[in-house]
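Working notes, beginning with the structure itself.
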Amino acid sequence: MFKPSMTFINLPVKDLKKSMEFFDKLGFTFNMQFTDENAASMIINDNTFAMLITESHFNNFTNKEIIDANKQVEFLLSFALSNREEVDMFVEKALEAGGRRSQEPKDYGFMYQASFLDLDGHIWEAFYMNQ
């Protein structure tokens, strides 16, 4: 069976330094071994990473046009947290750091979710699921 051992999410960003500062305020750290003026390796957890890549450098990896994530959406990045309070605190940190609310929090009974837009308009969702 196919089981990836690590996941890398590659995101184009307009200003790498500002994006790194934004995610630093949310508590993420960076692997400086894989960070330079073109890209930063942000650690989400032990096996998941987001590569924040300047738009000019991102163009080296695709022949497609980079969308304006403030106007279009290509995907939603979602991850689970330990409880509702952690979800709310995480999104609140993002808003305080300069992010924007994507939608109002939603409570489905078995799942609670909240979301925000990062500085480039990418949608990040945090959720808690009763299991």
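Partners of K106 according to the salt bridge (Lys or Arg N to Asp or Glu O under 4.0 Å) rule, which considers only residues two or more places apart in sequence or in another chain, do not exist here. The side chain to side chain contact (heavy atoms under 4.5 Å, CB included) search around R101 returns V91, L95, E104, P105, not counting sequence neighbours. Partners of D46 according to the side chain to side chain donor-acceptor pair (under 3.5 Å) rule, which considers only residues two or more places apart in sequence or in another chain, do not exist here. Qualifying side chain to side chain contact (heavy atoms under 4.5 Å, CB included) partners for L16, counting only residues two or more places apart in sequence or in other chains: V13, M20, A40, L52, T54. For the side chain to side chain contact (heavy atoms under 4.5 Å, CB included) test, residues two or more places apart in sequence or in another chain that qualify with S115 are S102, Q103, I123, E125. The side chain to side chain contact (heavy atoms under 4.5 Å, CB included) search around T29 returns I43, not counting sequence neighbours. With sequence neighbours excluded, no residue forms a side chain to side chain donor-acceptor pair (under 3.5 Å) with T7. Partners of F79 according to the ring pair (Phe, Tyr, Trp, His ring centres under 6.0 Å) rule, which considers only residues two or more places apart in sequence or in another chain, are F90.
Sorted by first then second residue, the salt bridge (Lys or Arg N to Asp or Glu O under 4.0 Å) pairs that include residues 14-26, not counting sequence neighbours, are K14-E55, K17-E21. Counting only residues at least two apart or in different chains, side-chain hydrogen bond (donor to acceptor under 3.5 Å, both in side chains) contacts with residues 34-43 are absent. Identified under the side-chain hydrogen bond (donor to acceptor under 3.5 Å, both in side chains) test for residues 79-89, with sequence neighbours left out: R84-D107, D88-Y112.
Neither I53 nor M42 shares a network with the other; the hydrophobic side chains, linked directly or stepwise wherever heavy atoms of I, L, V, M, F, W or Y lie under 4.5 Å apart, form separate groups for each. By the criterion of side-chain heavy atoms lying less than 4.5 angstrom apart, applied directly or through intervening Ile, Leu, Val, Met, Phe, Trp or Tyr residues, M6 is not grouped with I9; the two fall into different hydrophobic clusters. Residues F23 and F49 do not share a hydrophobic cluster, defined by chaining ILVMFWY side chains whose heavy atoms lie under 4.5 Å apart. F8 and W124 sit in two unconnected hydrophobic clusters of ILVMFWY residues. Membership requires side-chain heavy atoms under 4.5 Å apart, directly or through other members. Hydrophobic clustering, with ILVMFWY side chains joined whenever heavy atoms are under 4.5 angstrom apart, keeps L11 apart from F61.
Between V87 and Q113, every side-chain heavy-atom pair lies at or beyond the 4.5 Å cut-off. Between I44 and F28 the shortest side-chain heavy-atom distance falls below 4.5 Å.
H122 places no side-chain N or O within donor-acceptor distance of the main-chain N or O of N70, the cut-off being under 3.5 Å.
Grouped with F127 in one hydrophobic cluster are Y108, F110, M111, M129, the linkage being side-chain heavy-atom contacts under 4.5 Å among Ile, Leu, Val, Met, Phe, Trp and Tyr residues.
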For S19 and D118, run side-chain contact (heavy atoms from CB on, under 4.5 Å): C-alpha distance rounded to whole Å, both residues' side-chain angles, the deciding distance at 0.1 Å, then the answer.
-> CA-CA 8 Å; S19 291; D118 69 16; over 6 Å; no
Dump the intermediate steps for side-chain contact (heavy atoms from CB on, under 4.5 Å) on F22 and L119, then the final yes or no.
-> CA-CA 8 Å; F22 173 80; L119 300 180; 3.7 Å; yes
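Annotation: E96, atom CD; neighbour count of heavy atoms from other residues, nucleotides and ligands within 6.0 Å is above 12.
In this structure, NZ on K64 lies 10.5 Å from CZ on F58, to the nearest 0.5 angstrom.
The two atoms that bring L26 and A94 nearest to each other are CD1-CA, 3.6 Å, heavy atoms only. The two residues G121 and R100 make their nearest non-hydrogen contact at CA-NH2, 4.1 Å.
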